[in-house]
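Indexing begins at 1, ligand by ligand and atom by atom, following the structure's order. As a basis for the values below, the full set of heavy atoms in this structure was taken, side chains included, without hydrogen atoms, waters or symmetry mates.
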Amino acid sequence: MRGVTLRRYPDESFPKNIDFFDLKDFPIPTNLKENDLLIKVCYVSIDPVMRVWFSGAKTYIDTVHQGQIIPAFGCGVVAESKSKRFTKGDLVLGALDCADYCVRSANAIFKLPAVKSKHDPNLPLFLSVYGVTGITALKGLHQIPKENLPTKESKKTLVVSSAAGSTGSFALQIGKHWGYRTVGIVSSRDKKDFVLSLGADACVCYNDTLDSNGIVDTDKLTKLIKQAAPEGVDAMYDNSGEEVLDAILPAMNKGAFIVLCGATATYYTWKNRGGLKNLAHFITKQIKAEGILYFGQKNAIIESFKEMNELVTGKHIQHKEEFINGLENVTIGLQKVFMGKNLGRVIVKLDNEVPLPKF
Ligand SMILES: NC(=O)c1ccc[n+]([C@@H]2O[C@H](COP(=O)([O-])OP(=O)(O)OC[C@H]3O[C@@H](n4cnc5c(N)ncnc54)[C@H](OP(=O)(O)O)[C@@H]3O)[C@@H](O)[C@H]2O)c1
């Protein structure tokens with residue numbers, strides 16, 4: 001079998017330079033321990049959090065060491081089971097590896113509802129709309145308190161950062177369906193067009209505010225957000241952190257709520273940007289913020305699947321996936337996401353027996 005290994009921790013030349021990985025041959029693992037599963041990996045998704053994993057930081061998964069096969073959220077088929085809860089052929093989801101096969105403890109793996117075969121084209125959607133990005137968007141929005149939700153009598157504005165990305169595009173569309181006036185924040189004009197095509201009422205490009213060092217000018221961005229949200233912002237779904245989060249604070253209404261989902265801008269640890277200069281707005285406006293974490297919430301997928309399925313089949317939300325073919329192209333996927341070139345979810349198909357899905 002083959003696996004993509006981390007040759008060394010990426011430096012500031014990443015993502016333009018992606019020469020930090022190797023594709024190597026390994027024997028298929030044998031000698032499974034009690035409760036272990038050998039999983040044939042069918043698809044992996046490219047998640048911004050992988051940049052944190054590549055720095056050697058300890059997160060909710062084990063630290064990734066140099067020389068090790070890189071992990072990724074993925075789905076696959078149980079090839080061998082030492083667990084009473086799983087049998088050969090079960091379709092599963094979890095933090096797998098960028099490899100043809102991986103071994104995981106059954107405790108960390110989720111058996112997929114609603115798909116029966118790896119040939120089902122819906123299987124990779126458990127890495128997207130029915131998985132880590134879609135379910136997180138839905139669960140995160142459900143954390144918003146009643147007083148910040150729109151009603152017939154009271155219009156409310158929701159701002160979403162990285163709105164052309166996978167999580168952001170779901171959060172924005174669900175928010176729109178719930179009756180919010182929605183505003184996206186994205187890097188570029190083509191992403192703005194995409195976000196408007198999803199039904200956003202307005203969209204702001206932070207690239208329009210970059211200073212001579214290529215850093216977002218928060219004051220300029222605040223101005224653009226205020227123009228796009230003239231009634232003020234009642235809720236924010238933040239995927240970006242740093243300057244974008246900082247810029248939203250002066251545009252927020254009293255008692256506004258922030259769902260802290262991601263902080264992609266901070267995943268590049270060598271950039272010391274000085275934190276939030278508008279922090280005092282939390283105090284003066286009594287803004288509340290709460291984190292959302294998908295990992296380890298196995299029940300969330302089951303609980304949210306029905307609601308998400310209704311949103312998809314009712315055509316209230318669109319899902320966009322960009323498929324890349326083959327383990328040897330995982331690094332192309334990494335470059336796409338980290339250079340912000342993706343619209344929606346980037347998924348790499350690893351299993352040669354499965355055709356590339358089309359949606
Ligand atoms: N808490 C959880 O459980 C959970 C679950 C899923 C995702 N997340 C988080 O949600 C965020 C979005 O994840 P996703 O998988 O849906 O990815 P995504 O939004 O589809 O793709 C990442 C986007 O981040 C932006 N980006 C790239 N480099 C950046 C940088 N240096 N600074 C700021 N923005 C940058 C780009 O959008 P622009 O070009 O528009 O900037 C890029 O398209 C991530 O922070 C992720 O870690 C959290």
Side-chain angles (χ1 to χ4, degrees), residues 10 12 14-16 44-54 57 59-61 72-73 95 127-141 143 159-173 184-195 198 200 203-210 214-216 218 221 236-247 258-271 273 289-298 300-301 304 319-322 333-347:
E12 61 272 21
F14 180 87
K16 267 194 189 148
V44 291
S45 55
I46 305 294
D47 292 72
V49 72
M50 291 166 86
R51 180 65 194 87
V52 184
W53 299 347
F54 298 159
T59 60
Y60 45 81
I61 65 159
F73 287 111
L127 296 172
S128 167
V129 64
Y130 300 126
V132 57
T133 54
I135 299 300
T136 307
L138 185 61
K139 292 294 255 185
L141 287 174
Q143 289 181 187
V159 176
V160 178
S161 58
S162 302
S166 189
T167 313
S169 62
F170 294 134
L172 188 127
Q173 294 177 87
I185 302 180
V186 294
S187 55
S188 62
R189 295 292 165 97
D190 56 329
K191 289 190 173 192
K192 176 176 176 172
D193 291 344
F194 173 65
V195 168
L198 295 176
C203 190
V204 168
C205 296
Y206 67 74
N207 276 354
D208 292 346
T209 74
L210 297 185
I215 303 286
V216 174
T218 45
L221 185 56
M236 164 78 173
Y237 193 102
D238 188 37
N239 294 305
S240 180
E242 290 289 315
E243 295 89 349
V244 170
L245 176 60
D246 206 12
I258 304 174
V259 181
L260 294 170
C261 173
T264 310
T266 68
Y267 297 172
Y268 295 72
T269 46
W270 56 84
K271 284 185 184 168
R273 290 157 155 181
E290 193 174 282
I292 167 86
L293 187 63
Y294 168 89
F295 190 81
Q297 299 204 35
K298 291 189 188 176
I301 301 173
S304 306
H319 55 90
K320 183 160 178 58
E321 292 76 30
E322 293 190 48
L334 288 169
Q335 196 166 41
K336 200 178 229 306
V337 169
F338 290 105
M339 293 190 80
K341 302 274 184 228
N342 63 309
L343 292 179
R345 191 66 157 158
V346 175
I347 296 176

Per-atom contacts of ligand 1 with Thr133, taking only distances under 4.0 Å to non-hydrogen atoms
15 (O), 16 (O)
Taking non-hydrogen atoms only, is Lys191 closer than 4.0 angstrom to ligand 1 via side chain, backbone, both or neither?
side chain
Side chain to side chain contact (heavy atoms under 4.5 Å, CB included), paired with Leu172, selected from Val159, Val160, Leu141
Val160
Measuring from atom 14 (P) of ligand 1, which candidate in Thr264, Thr167, Leu127, Val346 has the nearest non-hydrogen atom?
Thr167
If we only count N/O pairs under 3.5 Å, is Cys261 in contact with ligand 1?
yes
Closer than 4.0 Å to some heavy atom of Ala263 - which atoms of ligand 1 meet that?
45 (O)
Strictly under 4.0 Å, does any heavy atom of Gly344 approach an atom of ligand 1?
yes
Using a strict cut-off of 4.0 Å, indicate which atoms of ligand 1 neighbour a heavy atom of Tyr267.
45 (O), 46 (C), 47 (O)
Tell me the nearest of Gly241, Ser188, Ala265 to atom 32 (N) of ligand 1, using heavy-atom distances.
Ala265
Judging by distance only, is a nitrogen or oxygen of Tyr206 under 3.5 angstrom from one on ligand 1?
yes
N/O donor to acceptor pairs below 3.5 angstrom from side-chain atoms of residues 131-140, sequence neighbours left out:
unit_1 : atom_1 : unit_2 : atom_2 : d
Thr133 : OG1    : Ser128 : O      : 3.1
Thr133 : OG1    : Ser166 : OG     : 2.9
Thr136 : OG1    : Val132 : O      : 2.3
Lys139 : NZ     : Glu303 : OE1    : 2.9

For Leu221, which of Asp246, Val244, Asp208 qualifies under side chain to side chain contact (heavy atoms under 4.5 Å, CB included)?
Val244
Look at atom 23 (C) of ligand 1 and find which of Ser162, Ser128, Gly140 reaches it with the closest heavy atom.
Ser162
For Tyr294, the ligand 1 atoms with a heavy-atom partner under 4.0 Å come out as 2 (C), 3 (O)
Answer yes or no: is there a side-chain heavy-atom contact under 4.5 Å between Val337 and Pro48?
yes
Atoms in ligand 1 with a heavy atom of Thr136 nearer than 4.0 Å:
2 (C), 3 (O), 4 (C), 5 (C)
Which ligand 1 atoms are under 4.0 Å away from a heavy-atom of Val186?
40 (O)
Please classify the Arg345 to ligand 1 contact at 4.0 Å (heavy-atom distances, strictly less than): side chain, backbone, both or neither.
side chain
Would you mind running through ligand 1 and noting each atom that sits below 4.0 Å from a heavy atom of Gly165?
18 (P), 19 (O), 20 (O)
Among Pro48, Ser187, Gly340, which residue places a heavy atom closest to atom 39 (O) of ligand 1?
Ser187
For Phe338, the atoms of ligand 1 under 4.0 Å from one of its heavy atoms are 28 (N)
Considering all heavy atoms, the nearest Ala163-Val186 contact
N-CG1, 3.9 Å
Measuring from Ile46:CD1 to Asn342:CG, what's the distance to the nearest 0.5 Å?
10.0 Å
